[in-house]
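Worksheet for the structure shown next.
All values below come from the heavy atoms of this structure, side chains included, with hydrogens, waters and symmetry mates left out.
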Amino acid sequence: MALMDFIKKQFIDIIQWTEDGDGTLAWRFPMRDMEIQNGGQLVVRESQVAVFVNEGQVADVFGPGTHKLTTQTLPVLTYLKNWDKLFESPFKSDVYFFSTRQQIDQRWGTSQPVAIRDKDFGAVRLRAFGNYAYRIQDAKIFHAQISGTRERYTTQELDGQLRGLMLQHISEAVASSGTPFLDLAANQVEFANALKNATSPAFAALGLELISVTMQNVSLPEELQKILDQRIGMGIIGQNMGQFMQYQAAQTLPELAKNAGGGSGIAGEAVGLGAGVALGQTLAQTLGQGLAGVGAAAPAPAVSKPDDILALLEKIGDLKAKGILTDEEFAAKKADLLKKLG
């Protein structure tokens, strides 16, 4: 009995790893003073990779399956140890297992506003957060760059580094996408894809594959949020400039009426009443023009005076400068107005 206990302690016939929970990326098989029996079995389960390391140097890598350990199946280790091809004695080697399954629901987010540069608005400060998923793609690189000789390496230990890489590449994602920032902010799926493309090379340098990125929320500065809301409102009513001017007028009329009626006494009431009548007429005219635009045969409102056309050109120039109109929309409307001047 004592002899059998001695043999079990000295020689290992089966090497395997049964994951006992989530979050472990790398695990070292406990060798202690034991040696691996020549002809022993290495069991690598699905979503695992096993790596033999000889004196700190990565040797042979095994994918899923049951492998018989001989000099034929361990060619690199055999070379490193200068074994003869008929060598049949037990041997020592460190064996590391790596989990290659997806590590899902990893969180990333900005604890403080992040400054990015945008061609339309210059420096923009934003907050954003979401999830991402990754897996070990190259166990050799991960062992050399991250886990090393640790007995166990977990997702929690890597979390801070990966979250920092995500935040570091937000600005690059906006710049490399070629899409205006407000359009990205309005389309979180496109923003997430741009962030994934910008960050994937940094993950690959660590032996990891960035599989997916989700964007759950993007918080903009108040002034940019107003412009985005205007674009959304414009999208609801259509991309017609006349309709947009009517929309803007309808938005400003209540505030003008409130200010006009702000006086006290009879004079204030008179001013408010007069303003109310004038604003009512303006509103009726604006809505009438909008309804007339619905008919297929109704002509578009004409702008006949040169001064009016120049004033409208200035207005659409301001809308373009604020990012409310795109270059194409501005150019089309400008060409239309210049024709009327001619």
Side-chain angles (χ1 to χ4, degrees), residues 23 25-26 47 49 98-147 153-225 227-229 231-232 235 322-324 326-328:
L25 295 172
S47 71
V49 169
F98 297 87
S99 175
T100 58
R101 61 190 176 94
Q102 290 191 34
Q103 305 299 325
I104 62 173
D105 198 25
Q106 306 298 308
R107 309 295 178 88
W108 68 271
T110 56
S111 56
Q112 299 294 332
V114 176
I116 66 170
R117 295 204 61 81
D118 180 69
K119 62 180 181 180
D120 294 330
F121 301 101
V124 177
R125 294 172 64 84
L126 64 85
R127 291 176 180 268
F129 66 86
N131 295 4
Y132 66 99
Y134 69 93
R135 71 179 186 89
I136 293 178
Q137 184 178 45
D138 192 317
K140 285 185 176 182
I141 295 178
F142 188 80
H143 171 78
Q145 299 292 331
I146 302 296
S147 60
Y153 197 90
T154 66
T155 55
Q156 290 183 346
E157 296 172 277
L158 192 58
D159 178 68
Q161 173 70 15
L162 298 185
R163 187 166 58 242
L165 289 177
M166 299 291 293
L167 301 182
Q168 178 182 340
H169 288 83
I170 287 182
S171 181
E172 181 185 343
V174 174
S176 62
S177 69
T179 304
F181 171 71
L182 279 185
D183 292 340
L184 279 180
N187 189 339
Q188 295 184 2
V189 173
E190 186 176 351
F191 200 162
N193 289 336
L195 181 56
K196 176 179 179 293
N197 293 335
T199 313
S200 290
F203 273 63
L206 302 178
L208 303 174
E209 177 188 7
L210 181 57
I211 296 174
S212 64
V213 176
T214 62
M215 184 81 63
Q216 295 183 351
N217 184 65
V218 179
S219 298
L220 305 178
E222 183 178 355
E223 59 274 15
L224 285 186
Q225 187 62 53
I227 295 176
L228 180 59
D229 291 342
R231 282 197 174 185
I232 294 174
K322 293 178 181 179
I324 297 175
T326 64
D327 292 341
E328 292 78 12

State, to 0.1 Å, how close [X] and [Y] come at their nearest heavy-atom pair, and which atoms those are.
| X | Y | result |
| --- | --- | --- |
| Arg107 | Arg163 | O-CD, 3.8 Å |
| Ala198 | Glu172 | O-OE2, 4.0 Å |
| Leu195 | Met215 | CD2-CE, 4.5 Å |

Is there side-chain contact between [X] and [Y], with at least one heavy-atom pair below 4.5 Å?
| X | Y | value |
| --- | --- | --- |
| Val213 | Thr199 | no |
| Leu158 | Gln103 | no |
| Phe203 | Met166 | yes |

Checking [X] side chain against [Y] main chain: does a donor-acceptor pair fall under 3.5 Å?
| X | Y | answer |
| --- | --- | --- |
| Arg127 | Val114 | no |
| Asp159 | Thr155 | no |
| Gln106 | Ile104 | yes |

Between [atom1] on residue [X] and [atom2] on residue [Y], distance to nearest 0.5 Å:
| X | Y | atom1 | atom2 | value |
| --- | --- | --- | --- | --- |
| Ser99 | Phe142 | OG | CZ | 10.0 Å |
| Thr214 | Gln188 | OG1 | CD | 9.5 Å |
| Leu208 | Leu25 | CG | CG | 8.0 Å |
| Leu206 | Leu165 | CG | CG | 6.5 Å |
| Ile146 | Leu162 | CD1 | CG | 7.5 Å |
| Ile141 | Ser147 | CD1 | OG | 12.0 Å |

Trace of the side-chain contact (heavy atoms from CB on, under 4.5 Å) decision for Trp108 with Ile170: CA-CA 11 Å; Trp108 68 271; Ile170 287 182; 3.9 Å; yes

Can you give me every donor-acceptor pair (side chain of residues 128-137, partner residue at least two apart or in another chain, under 3.5 Å) with its distance?
residue : atom : partner : partner atom : Å
Asn131  : OD1  : Gln216  : NE2          : 3.4
Asn131  : ND2  : Asp105  : OD1          : 2.8
Arg135  : NE   : Glu209  : OE1          : 2.9
Arg135  : NH2  : Glu209  : OE1          : 3.2

